[in-house]
Structure formats: structure tokens, C-alpha cells
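Report on the structure given below.
Atom set for the values below is all heavy atoms of this structure, side chains included, hydrogens, waters and symmetry mates excluded.
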Amino acid sequence: MINIKKNKTKSAKPEVISRTAGSWVYSRIVKDHFFRPRNLLLQDPAAGQYNAQGIIGSPACGDVMRIWLKVDPATDRIKEFRWRTFGCASAIAATSMLSVMVTERGGLKVDKALAIRPQDITKRLGGLPDRKIHCSVLGDKALRAALNDWFKQTGQYQRVIVEGTAIIDPDTKVTEADIEEAVIEGARTLNDLQKKTKVGIGNPACLPKAEELLRFYNEKYFGGGN
Amino acid sequence: MRTLTKYYFDYAATAPLDPRVWRAMLPFFRHQFGNSASLYQLGHRARRALDGARQKILEQLGGPGAEFIFTGSATEADNLAILGAARTLKSAGNRIIISAVEHKGILAAAAVLTVEGFEIVTIGVNKNGLINLPQLAVALNEKTILVSITLADSETGTIQPLRKIAALIKKFRRARRQAYPYLHTDATQAAAYLNIDAKHLPVDLLTLSAHKLGGPKGSGGLLVRGRLKLTPLIYGGGQQNNLRSGTENLPAIVGLAAALELAGQDREREFRRVKKLRDYLEKMILKNIPKVILNGHPVKRLPNFLNVSILDIEGEAMLLRLDDKNISVGTGSACNSQTLEPSYIIEALGRPYEYIHGSLRFTLGRGTTRTAVNYVLKHLPPIVRDLRQMSPLRLKLTDRKKLISLPQAFVGGKTPHFTRRKK
């Protein structure tokens, strides 16, 4: 009898995620966040309502996450995290869960929030099928993008986090990807580029490289016609 | 469970077994269990049932000298048609022509043949889903041994002009005084609603599936008209004229014959009934939900198919929200597939990925009622509203042309994962 009881408590493990295990394709927590998303941005925000923004993903790939943050400069805590997500149920649930993780208990300190890894989100969701893990990866990337926006806006360039692309300006942490994006958004001259990225503002040594990339990406996206 | 079957809108995936088919199959699971190869009475009865089922099918589809090979699925029948014909005819030529909207059973078999030295030519489709006929005419050459064009694709249900294609091929054969190229069609989706007899559909090879007709799963077949001798895929005891060895699955075979017979009886009535419901569903969705576009041909389409792209939101999310209301539908979104690739069929129509991710496929059938359609029309609009409120996208219908090449979608060289893998 005792053994049976023991076995019973042992088998009360967290929900196992598989198509055969339950009546729904994802965990109960994913379902809950998918049907009742937390911290969703309902109305388009007024100017200055939030002090940082980040967007990641592409509609062509099937996932886009956009987040709005309110960071308290005095305490360095994230007081508000609002979001909108285009994507599947797990992408929606992952953003919702991340918003909860960042804002619970008075809001995380910025550095603590940056330390959130995709697997932390997945774990809090009660697991995701392997092929859906990238949804939670996007969540932490979107948060990083928004916090980088916050760092740049408040002049804390040393805190900007860069990954997977070359840094062109070590002072402002402007990357090759930033320059590419600025060109796509319409930067044609060095002046345009500096307005958008602040590249080389305090460090003119990087300007030749920045100009080279400006020409390269203009040629890549808009070349051929002239 | 009852409510789940009530609002089932995925008949293109599968259909419930018709009770009349079930009753026809039942004896062959039980006391009539004999092997058709056995000489005693029990075997003889099995043989008679097998021949009877084949006869019934040939009467409906045949034409003189036709034969029918029972297979374990329509996929197997597609494989047998493509691989079997190509391997028989390899001394005559090496070109095989297929369309971009074929079932994977054709595409994957064709991919195998490229390794064996065959040349596969894929014909594209127009925006409305119809095959590019001039492109097909140009692709036909003296090396062409086989053409395989689906009668209606499994995503949009667009009906291909098979009679025109057959006429084109016949003319080509006559001019060159040769028996090939042979024409194959996969009629899996179409068989419930279109006439597929020799008079209406003059093709050489035709694939059928039982479970889309209210028959059992694991049962399909290939009709072969004319004298083409296929090379088998399965070798063994020589059953089915040596074309498909293995003890015949008699309940499944009897089920296919019964399902096809019922389909033949009900075809015209069901066509009209289902079309009315589908047209109503289509009209009301397009009317009540903004930014929705139809995928596939507006008119030349199976009467039970409705495939739409609902902009700014993603198909899997819609599917799961609808499932919460016990409505079952399909989607071409990448998130829904095991491979995380969006539907290649909707892509072949030239739709940008943004649209494919938001596609929903409603397919109706025998069990679909007016009540079920009204139920969908009640629940779909609030789900779309809700998910759109959650989405950061505000695509415009006018963006249609530029979307796919829009560089913003691929910032930092981040092309979609599915295009990266293809290369």
C-alpha cells in the first residue's frame, strides 16, 4: 500500500508535452496564455507613454513580436511590458509569459531581465514541442532589442548588447546590421545614417567603414537603377 | 465527440466512414476472412468478393481493357503510377512532366526518379490556380514518357482542365505515332464530386483514395486504362497480376468499392448541396471579415473547397482558437506543418509568405449542415478580431505585389528559414 502511494506522488510530474499526452497540442500553461494573454497592448500608445520599443521577426517567416517598455530610470526596473505578436499559439504564449516574468514582483532590474534565457521562458510555459522552441527565442530577442533602444535613448551606449554581427562604432555600439536596417529605412547619405544610428558621432575613425557599408547596402537594395 | 464531428470542416484531410460502407466491410473482418489465393470454399469466397469489388470499380471508371490495382493508400497509387510507368518506359525516354500543385506522393516519387536519371519538368500554375497550358505544350517532347497532373489540388481544390490536357497529349501521340506520353491524374480530392469515368476523364492512369469518399483509411488504388504494363513496387507472391504482391486487404478493398459506388449515386445531389453551403460560407466570410482573399480559382473549384488568407494573423493560432469552439479546419501556415514550411501549393499561386501563413482551408462534405456553416460564421469573426488586436501587423491588400520581395522582411540577411533550407 505504501509503495502505491509513493508511486502516485512520484508520477505527479509537470505536464509532459507531446501530441499523444493530452487533449491539447501544448501545455495547459501555453493554452492559458494563448487564450488569456497578459499585458497585451490594446490601444496604440500615445507619444511618450512608453520609453522603449523593440521589434523582432518578419511577417514572411511567420512570427513578429513587438514590445513596449516603461523603464524606471531611478531604479533601473522595468515597470511595464506591453506587447503585440503575430504568430502561432506558442509565439503568443511565449510573449505573454515573458511579459509576466519581467514585470512580476515590482518589475525586474534591467540586467536581470537581460539574463532571461529562452529556456527560462520555455520552462515557465511548461515546455514547448522542439520545433516551437524558436518562438521563445524570439521573445528574449525582442526584449533585448527594446532594452537596447532604451540604452541608446538614454545614452548608456556601454550597455548596448551586440551579437551575431560586427560592431562598427565601439562607442555607440552601432553594428553592421543597424546600418543595413537604416539603409532599408531610407538612409542615403552619411548624414541620414548618423541621424538614424549615431554612428561615428564621437568616434570619427569608424566613418570610412560606415560609409563603405552605406554604399554597399544602398547598392544591394536600391542599386541597378542609377 | 459528437460536437467534434458536427463542426468538422476538414474533409480534404479525411472523412468519417459511411455506415453503409462499414456494413459492407464487416463480414470480411469476421467469418469471411479467407485468403483469396486458397482453393477451399473460404478462399473461393474471398476471391469472389475481390473480383466483385474490382468489377464494380471498373464498371464505374473503366473503359475497355482497364485494370485496377488495389493499394494501401493514394500515395502508394501515385508512387506506383510515377515510378512504375517511368521504370517500364525508360528505354523510350526520360522526361516526366508534373505540375507544381501535385500531392507529395507525386513530388517525392518524381524526386526519386531524378536520381535514376529521369528529367522532371514542373509546370507552374497561374494566379488562379490553373495550370499553365502553353508551358505544358512546350514541355512535351519526344523524350516525354509520362505527364501527371492532378484533377484538383488538395489545398485550394482548383479543377485542372484534364480533358484539354488529354486532347493535347493525344494529338502529340498521334502526330508521332507512339503510345506515350501516358497521362496520369490524382483524383483523390475530386472523386467525390466530379465524373471520373472514361468518357469524362480520358486519362491512362488514375489514383483513387477510399477515405476521402467515406471509405476506410489505408485503402486506395490505381486505375490503368490501355496496355501500359507497370513495373511493380512490391515483389512477392504475385497477387494482383504481379503488380502488387501481398495478401489483399479484403475489407479495405470492399470498402473502397462500396464508397465509390455510393459516391457515384450521390455525386450530383451532393455537388449541388455542398456547393450551396460553401458558396454561402465564402460569401459571408468575404463580406463580414475585412482583408480576406480567396486562394484558388473563383469558379473552377471543387464545390466543397474554400481556402482563404486572412491577413495580419497566423493560421495555426486561428486553427486552435476555432478548435476551442469545436470547429476543425486546415491551414497552409508553416507553423502547422511538421517541416515548418508554408504550403507549397498556395506558394505556387504566387502568394507572398505573409498570406500563406494566414491561410485557412474549409472543406465540406457529406456531414456538413447549414447549422454548422452558420456556427462557423458566428464564431470566426470574433476570433479574427481578437487575434488581429494581438498582432503588430497592419498589412494592406495593395501590398500584395511587393510584399514577398520587400527587403524589410529580411533585415540582416535573415531570409525565412524555409527558403534557406531549400537552397
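The residue from A:L42, A:T95, A:I92, A:T85 that alone fulfils the side chain to side chain contact (heavy atoms under 4.5 Å, CB included) condition with B:M390 is A:I92.
Neither the backbone nor the side chain of B:D386 comes within contact range of chain A; no heavy atom of the residue lies under 4.5 Å from a heavy atom of that chain. Contacts between B:L393 and chain A at a heavy-atom distance below 4.5 Å involve the side chain alone, from C-beta outward. Only the backbone of A:L41 comes within less than 4.5 Å of a heavy atom in chain B; its side chain stays farther off. Both the backbone and the side chain of B:R321 have a heavy atom closer than 4.5 Å to some heavy atom of chain A.
Taking CZ from B:R394 and CZ from A:F86, the interatomic distance works out to 12.0 Å, rounded to the nearest 0.5 Å.
Across B:L387 and A:F34, no two heavy atoms sit closer than the pair CD2-CE1, 4.3 Å. Between A:G87 and B:A317, the shortest heavy-atom distance links the atoms O-CB, 3.6 Å. Of all non-hydrogen atoms in A:C88 and B:E316, the two that sit nearest each other are CB-OE1, 3.0 Å. Here the closest non-hydrogen pair linking A:R84 and B:Q389 is NE-O, 3.8 Å. Residues A:A60 and B:H357 approach most closely at O-NE2, 2.6 Å, considering heavy atoms.
Under a 3.5 Å cut-off, the side chain of B:E314 and the backbone N or O of A:D63 do not form any donor-acceptor pair.
Other residues, nucleotides and ligands contribute more than 12 heavy atoms inside 6.0 Å of the NZ atom of A:K79. Counting heavy-atom neighbours within 6.0 Å of A:Q158 CD, excluding the residue itself, gives a total above 12. Crowding of B:K325 atom NZ: a count of heavy atoms from other residues, nucleotides or ligands under 6.0 Å not exceeding 12.
Looking at heavy atoms from C-beta onward, A:F35 lies in side-chain contact with B:D324 at the 4.5 angstrom threshold.
Taking chain B as the reference chain and counting heavy-atom pairs below 4.5 Å, the highest number among A:T175, A:V64, A:D178 is found for A:V64. Ranked by heavy-atom pairs under 4.5 Å with chain A, the list B:S391, B:G358, B:P392, B:G315 is led by B:P392.
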